[in-house]
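This one's a predicted model, so the numbers in the text were calculated from it and none came from an experiment.
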Amino acid sequence: AVYEGAACPGAIQVDGSEEYFDRCTAPHESESGCHCRYWWGYQHHENAEEFTTHFGCDYTYDSPDHKWCYVLDTCPGSMETGHDDACFWDYCPERQPVQE
């Protein structure tokens, strides 16, 4: 949990409570400034039952020239996947800052 609560940039509120948490390192940011999920699964093109695991901004079989990610938060510029799970995604900038 974070002491600053909602005042902490990037803190995420725990559902149904006044508590907030944050991760130790900042996630990648998308082109729109959304926070990318740390890891996410994506359906493999050859086998509908198989998923590949991706971390932050990554290329996929259907986007080999432009990295993208599923985002943690819905923010202006993110796009809905159209799946039942109401996930949002966004493209990533060409260069990501070095994680410390």
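- With sequence neighbours excluded, the residues that form a side-chain hydrogen bond (donor to acceptor under 3.5 Å, both in side chains) with Asp62 are Tyr42, Thr60.
- Less than 2.5 Å separates the SG atom of Cys36 from that of Cys69.
- With rounding to the nearest 0.5 angstrom, the OH atom of Tyr61 is 7.0 Å from the CD atom of Gln43.
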For His66 and Glu31, what are the C-alpha separation, side-chain angles and deciding distance, and is it a side chain to side chain contact (heavy atoms under 4.5 Å, CB included)? CA-CA 11 Å; His66 202 150; Glu31 286 182 348; 3.1 Å; yes
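- Listed for the His35 side chain is no donor-acceptor partner under 3.5 Å among the backbone atoms of His28.
- Asp90 is linked by a side-chain hydrogen bond (donor to acceptor under 3.5 Å, both in side chains) to Ser30, Ser32, counting only residues two or more places apart in sequence or in another chain.
- Shown here for Gly41 and Tyr70, the closest heavy-atom pair between the two residues is O-CE1, 3.6 Å.
- In terms of heavy-atom proximity, Gly33 sits nearest to Cys75 at C-SG, 4.4 Å.
- The shortest heavy-atom contact between Phe88 and Ser78 is CD2-OG, 3.6 Å.
- Note on Trp68 and Met79: same hydrophobic cluster, where clusters join Ile, Leu, Val, Met, Phe, Trp and Tyr whose side-chain heavy atoms are under 4.5 Å apart, directly or indirectly.
- Side-chain N or O atoms of Trp40 include one that pairs as donor or acceptor with a backbone N or O of Gly56 at under 3.5 Å.
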